[in-house]
There are 2 protein chains.
Amino acid sequence: MTEKDGTSGTPGHPGVTTARHGDLFDADCPTRLLLDRVGSKWTVMIVLLLADGEELRFGALRRRMPGVSQKMLTHTLRQLEDDGLARRRVEPTSPPAVHYSLTVLGDTLVGPLRELKRWAEANMGAIDALRTSRSGSVPE
Amino acid sequence: MTEKDGTSGTPGHPGVTTARHGDLFDADCPTRLLLDRVGSKWTVMIVLLLADGEELRFGALRRRMPGVSQKMLTHTLRQLEDDGLARRRVEPTSPPAVHYSLTVLGDTLVGPLRELKRWAEANMGAIDALRTSRSGSVPE
DNA sequence: CCGTATCCATAGCGATACTG
DNA sequence: CAGTATCGCTATGGATACGG
């Protein structure tokens, strides 16, 4: 059912709730949870680095991510692991070598993320251009 | 915010040529900028509400976004406007009626975002299941 | 009805130092 | 090499109140 305008005066809460279109409009919806992850500073970077079956060690990841701290790298990897998107493989050598890779689930995220990346690369430049050449032109 | 102008003081990427994939691995890359937007709490919600040529008034948006404050709604809309993703149309009635809709550019973001949303709806449940039934199974 | 301003709590994240 | 712990800053964003 499509939502209805609740102009019934009382801003408390109507009897029937959560009748929006899909979700996203609830605090605990899957999309919000994903976006929170995706919006975090290093998640997407890691996923894209591990895409296509790449398996990288902690240090290797770190080297490719200029500016990341151990803390945040570890933290983000743990999150990805907890979410079942990445896998951690420890080689019990000395010193230990820890390898990270995507799970099959994690790999399915790569497509959507790459699309977003492509969009950004294609359009963020245009956005920047808009912001500078703001001379009274109307956006279409 | 300490936005650095890339005049001459490039802090130097020693040795590493950072140009491995595309970018994303620089602080000012388009993808990071987009992800920062997309990761913000209300942006995606607004874009999806305005998708498909929908034009909504401030109050209408607000009613469909339970929990949003005027401040954040205004702020997010301004961002979208600044980025050229949304348009603001004021009807100078009394009291004024302000309508928001997507620009053509904004509309092109809808596809990628919907794909992400679809992914989330299809897979975040599985992730949640993993997190609960953590009985010693190995991720694939 | 729409927007702005102020105040404040918290979460994200970077710097640094220490351990096995 | 990989990970943990502590500290402190700042950005995000919620509550509230005021103004056109």
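Since the model is a prediction, treat every value here as computed from it, not as a measurement.
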**Request:** For the side chain of Val98(A), starting at C-beta, report the closest nucleotide among dA2(D), dG13(D), dC7(D).
**Result:** dA2(D)

**Prompt:** Is the backbone of Leu80(A) close enough, under 3.5 Å, to the side chain of Arg37(A) for a donor and an acceptor to pair up by distance?
**Reply:** no

**Prompt:** How far does CZ of Arg118(A) sit from CG of Leu113(A), to the nearest 0.5 angstrom?
**Reply:** 11.0 Å

**Asked** Does some side-chain heavy atom of Leu77(A) sit less than 4.5 Å from a side-chain heavy atom of Phe58(A)?
**Response** yes

**Request:** State, with a plain yes or no, whether a side-chain heavy atom of Leu85(A) is found less than 4.5 Å away from one of Val47(A).
**Result:** no

**Asked** What's the NZ-P distance between Lys41(A) and dT12(D), to the nearest Å?
**Response** 11 Å

**Prompt:** At how many degrees, to 10°, do the end axes of the helix from dC1(C)-dG20(D) to dG20(C)-dC1(D) meet when each uses five pairs?
**Reply:** 40°

**Message:** To the nearest 0.5 Å, what is the distance between CG on Leu102(A) and CG on Asp107(A)?
**Reply:** 5.5 Å

**Complete:** From CG of Leu35(A) across to P of dT12(D) the rounded distance in Å is 16 Å

**Item:** Charged N-O contact under 4.0 Å between Asp52(B) and Arg114(B)
**Value:** yes

**Prompt:** Do Ser101(A) and Arg87(A) have a side chain donor and acceptor closer than 3.5 Å?
**Reply:** yes

**Asked** Any salt bridge between Arg32(A) and Asp36(A), counting N to O under 4.0 Å?
**Response** yes

**Request:** Using modelled atom types only, decide if a donor and an acceptor are shared between the side chain of Arg62(A) and the backbone of Arg57(A) within a distance under 3.5 Å.
**Result:** no

**Request:** Take the protein atom CE of Met45(B) and the nucleotide atom C1' of dG13(D), then report the distance between them rounded to whole Å.
**Result:** 14 Å

**Request:** Could you state the atom-to-atom distance from CE of Met72(B) to P of dA15(D) in whole Å?
**Result:** 12 Å

**Request:** Write down the distance between CZ (Arg32(B)) and P (dA11(D)), rounded to a whole number of angstrom.
**Result:** 15 Å

**Prompt:** If you walk 5' to 3' along DNA chain C, what is the first nucleotide with an atom under 4.0 Å of a heavy atom in chain B, and what is the last?
**Reply:** dC1(C) to dC7(C)

**Prompt:** Can a side chain N or O of Lys71(B) be found less than 4.0 Å away from OP1 or OP2 on dT12(D)?
**Reply:** no

**Item:** Which residue lies more 5' along DNA chain C, comparing His75(A) with Ala97(B) via nearest heavy atoms
**Value:** Ala97(B)

**Prompt:** Starting at the 5' end of DNA chain C, which residue's closest nucleotide do you reach first, Pro96(A) or Gln70(A)?
**Reply:** Gln70(A)

**Request:** Please figure out whether Ser40(B) or Arg78(A) has its closest DNA chain D nucleotide nearer the 5' end.
**Result:** Arg78(A)

**Message:** dA2(D), OP1 or OP2 - any side-chain N/O from Arg57(A) closer than 4.0 Å?
**Reply:** yes

